[in-house]
Undergrad: 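Below is the structure I would like to discuss, written out as structure tokens.
Below, read A as the first sequence line, B as the second, and so on, with proteins coming before strands; counting in each chain starts at 1.
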Amino acid sequence: MSRRLPETNPSARPNRYRFSKYKKPLVLLTMAAPTAIWLLLLRYLPMGGIVLAFKDYKVNPRNPSFISNLINSKWVGLNNFKFLFMTDDAKIMFRNTLAYNIVFIILGIVIPVAFAIMLNEVTKKFVAKAYQTMMFFPYFLSWVVVSYFLNAFIDGQYGMITAMQRAAGGDVTNWYTTMGPWPYIIVFANLWKNVGYTTVLYLSAITGIDSTQYEAAAIDGASKWQQIWYVTIPNLRTMICILFIMNVGKIFNADFGLFYSVPMNSGALYPVTQVIDTYVYRAFMVTGDIAKSSAAGLLQNVLGFICILTANGIVKKIDADSSMF
Amino acid sequence: MAVKGKKKNLRLNSVSPGAEAVIYVILGLFALCCIIPFVFVIIISFSAESSIRSIGYSFIPQAWSTDAFRYAFRKLPQIWRSYFNSIFITVVGTALSTFMCALYAYVLYRPDFKFRGFFNFFSFFTMIFGGGLVPTYIVCKQVLGLNENYAALIVPLLVNPFNIIIMRTFFKSSVPLELIEAATIDGSGEYNTLFRVVAPIAKPGVATIALLNALVFWNDWYLSLLYIQRNKVLQPLQALLMELQNNVEYLSRMSGQMGAAAINEAAKMPTQSLRMVLVVLIVVPIACAYPFFQRYIVAGLSVGSVKG
Amino acid sequence: MKKILAMLLALVMVLGLAACGGGGDANQTSDANKPAENTPDTSGGNKQDDVPAASDLDPVTLRIWFHGSNVSPEASNKVMESVNAYLQDKINVTLEPIWGTWGDFDTATVTALAGGDDVDIYFTCNWSANEYNKYARDGYWVKLDDMLPTYGAELLTTIPEGIWECAKTNGYDGVGVYAVPALKDTATQNCWDLNATLLAELGYDVDAFIASASMNPDFYYSDEFEEALQKAKDYKGGDFYPLVGEPVVFERIATGTAIITGDLNGAPVLSYYYDVEHPATDIGSKIVCKYATPEFKKFAERTYYLSQKGFISPQTQNVDTANNYREACAKTGDYLISSQSYAFGCELDYSRERGIDVRMIPTDAPYMDATSGQGAMMAISATSKNPERALMFLNLLNTDPELMTLLNYGVEGYTYNKNADGTITFIDDVRATYSPWRNGMGNIRQLPPTAEEGLDYWDRFSAYYDSAEVLPYGSFILDASELSNEATALANVYGQYGFQLMGGATNPDTVLPEFLAKLEEAGIQKLLDAANEQLAAYLAG
């Protein structure tokens, strides 16, 4: 039916929707309602709990409910944030968190985009499908399971690499106390697990590109590389920008399992694996102080929020259509 | 202007055979890298425990055995019920969440919608800020009654602002606004336009979001830990696995302090190959469901296939 | 953008206030029902001297949260049928158990407690996340002292004075008992776990070896120890690691130190030295930094040396794998010497399980302190609407063998069968689906012995644990809650160095000074000062 209606040329598509503001927003409001109500109840209602970060949380035993406890607890200003900056470890964990995330963001755009474009060029469709399915597999697995695999290779007693080293008569590396290789292992593990998933996002975006654009380009005599450069990449621009902005927002949050489970929680590796989230977790395990962990979370979020607004602002300057809001 | 191209014209323009061979090799190597650990898990799950003890994890174990599988099914009478729970939660949750996501994303995609900016920010803000675990727990359990029931395993995961933004991006990049304009002029209602005009075009996007949602529901165990305590027949499969996993970890961590108690308890815990069995039991069903989603995601793959 | 932000903020505030208001109201109403529980002494006094008969009591439902269970839903339903029939008859109570497991207990109970869930009784102790002393201090538990004479009279006499002493803590309502301690394995004794079969194969005289190693603090440092490990390694081949176990326990054995209750949970930084032969003897009660003593340095150097010799597996040196690895080695007998925290009669169980002759070499006399006394407890939640009834239940559970057996072992003919001599035998397949953590439930000395344990098992059990001497610092409990910033930093420093140093993975010559400097920076001195000040006050008062 109406599916076949429009036969317009997308390359000549106007940037702005031309007709005036929609007169009857009611129908659209009903569409937004279910999610909006959900967000209100499950996200905004609990946000009152953010004040926890500024309180010395104590229970009020005469009326021990979270809300009454919260109201009755003393305000302590920024006291709960102090533990993050107490020692020199703070520098290390902030450095690690930021450095790893920057690498993840850059490689997390370049490699999946390249893979998606390459997959798109594979002429044998079943091969493309098989590759793509296989690449998605690591995403099914939790970090704990990933840590088993890695351990199966580098374990100091049972590991396959260790066994090979032994067979060759060489020195056996104790991987879990040797810092050198870990930055690479961590970056690789992260890419390995997430590339397939991000590739799917870009691939779906490529699939959604109107083929008439390629046809037009082909008729104009564009080579394959030119088609990729002038048609595919511009069409992916929005997706790249959105994913970039969202990842920048999480630049102070680390993937806990990657930094905790994969190195098997090994102390000797802290200088290269300690990130904000693992530090807070280890602190929480001994103190059980929920006010401190929520303070840490809030700090990460506020910093992330600032980053996301900055990134969005920059993207907006360059290409208003690709910005998030 | 646009001429409806024929496939054969376009194929002339594909990359050179040499370049394609390079692509095959690069992607093939990476794909292999992704699948090897998986094969490894399956091999370990079929390895005899004695083999793991003597030569460690190996692609070629000394002896094969299905003991761990049999042990799992005997030890966990709950396992079939948990399979059902997981499937039920995943199907219902994926359908609901994808539906809600599409509705909301469509609203955000409409530039003529008066409150677009507000709703956009309304969802985006929650991606960054949250109230934390305990306040959310209280709202869910005490206000919404999400306690010891299936709803507790579905409702808290229904909305993900990330997916909304991705979905909106899909709409933006694949559905021309003129299409909606035309449909509206044709007298198509909003819901009709969304489901009959927009959704079919954005099918790869919708399928991608559905896949992501399905994975979230299938893999979740934390909700079960929080909300399913007395009525444990409702536990999904992943929760069963994590329970075993956490038991092992907990006893490892605490054994120094708990002394004899932990040692005796830890002796009852499952072995390496059993853990791999549980991984296999969890991953295989969702991996089997993957091609279903993939059909839509890769449907229009390679320039040749014309759509829209 | 600014407008949207302002709107949002306003919205959040309104919602937040509404939530607070709503919550407050709800709590006020529940408050109105509460005075009875807040003044248990008066309500206790108003009742008859004796606890009324079941028929006079209102029927109530009690929700109780256990730890470490392995109970399937069907088995639970089946057993609860009998338990509840019995309980209704006795105290008109219906029990709703929550079978917490090792893995989920911490997260789930901490959230439930913070959320004020409707649970009457929680398992608690000094090693779980709902740590007894901290939660008593914060006001989560009901103080029991005033209620005990009325609702727990038998309980008071059943549990020995020494254990009650351990349960005393400085809680929200002053010093007192905030949970019912379990009468279980209440003593600590460290041992070397010896694979006597392998030792004999190496040509040793097992009894002579044990005799010279037993209660010998220098054994770990002796040539004899090293020689045995070396022989085992030569005998079994290159990748055999004869010394397995928990580095944390190695440290306690080799230096003769005890755990301090209230030391950082899972990240020990403090030590208390005691006389290993006569634990009750006062050798100058003092709390020191675990890693700054010459004893520790000597231990760390020795362990590193043994590790370099190839006696300790890398698996033992990682906090995540150490215990699993020890289990795996123990099961197959692939070890010569392992560390063990003794449980009464465990060498017999182990010998049977592992198919080798397992012998224990004690390294100290059994002792008792707050750590062993608070190993498992049941606390009544401040949110409970029926704290008296909850205590009546705990009273019954700890003094009525029939109830304890029912709840702990299940129903006769379903999970176990009685033998003619009075022992029992489990029906293994069913018991596997109904296995609460036996020692976490309370007074387990009331349980019938199993056929393997033998008829006089509990007598021997009681004799052993009752003989334990109390350490000079008694049931001292450290309160480090004022130093939580330091605790967070110390925990991370410990994580980076502590475990691997104790496992011999890192060289103490280079790592130990660095570790000590970091501890200093993280504020160990503050913690030490507070600890010693509190200890002095405790010993004085």
Undergrad: Between F149(A) and F40(B) (judged by ring centroids, cut-off 6.0 Å), do the two rings come close enough to count as a pair?
TA: no

Undergrad: Compare every heavy atom of N219(B) with every heavy atom of F140(A), then report the nearest pair and how far apart it is.
TA: O-ND2, 4.1 Å

Undergrad: Which answer fits C33(B), side chain, backbone, both or neither, if we ask what part of it has an atom under 4.5 Å from a heavy atom of chain A?
TA: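 Both backbone and side chain of C33(B) come within 4.5 Å of chain A.
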
Undergrad: What part of V198(B) lies closer than 4.5 angstrom to a heavy atom of chain A: side chain, backbone, both or neither?
TA: neither

Undergrad: Would you say the ring centers of Y44(A) and F122(B) fall short of 6.0 Å from each other?
TA: yes

Undergrad: What pair of heavy atoms forms the shortest contact from W225(A) to A19(B), and how long is it?
TA: CZ2-CB, 4.5 Å

Undergrad: Checking heavy atoms, do the side chain of F162(B), its backbone, both or neither come under 4.5 Å from chain A?
TA: both

Undergrad: I need the K172(B) NZ to I242(A) CD1 distance, nearest 0.5 Å.
TA: 6.0 Å

Undergrad: Does any backbone or side-chain atom of Y106(B) lie under 4.5 Å from a heavy atom of chain A? Answer side chain, backbone, both or neither.
TA: side chain

Undergrad: So what's closer than 4.5 Å to chain A heavy atoms on S123(B): side chain, backbone, both or neither?
TA: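 Looking at S123(B), backbone and side chain both touch chain A.
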
Undergrad: Using heavy-atom distances under 4.5 Å, tell me whether P291(B) contacts chain A through its side chain, its backbone, both, or neither.
TA: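 Contact with chain A involves no heavy atom of P291(B) at all.
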
Undergrad: Enter the distance from Q294(B):CD to T133(A):OG1 here, rounded to the nearest 0.5 Å.
TA: 3.5 Å

Undergrad: Checking V139(B) against chain A: side chain, backbone, both or neither under 4.5 Å from a heavy atom?
TA: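 Contact with chain A: side chain only.
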
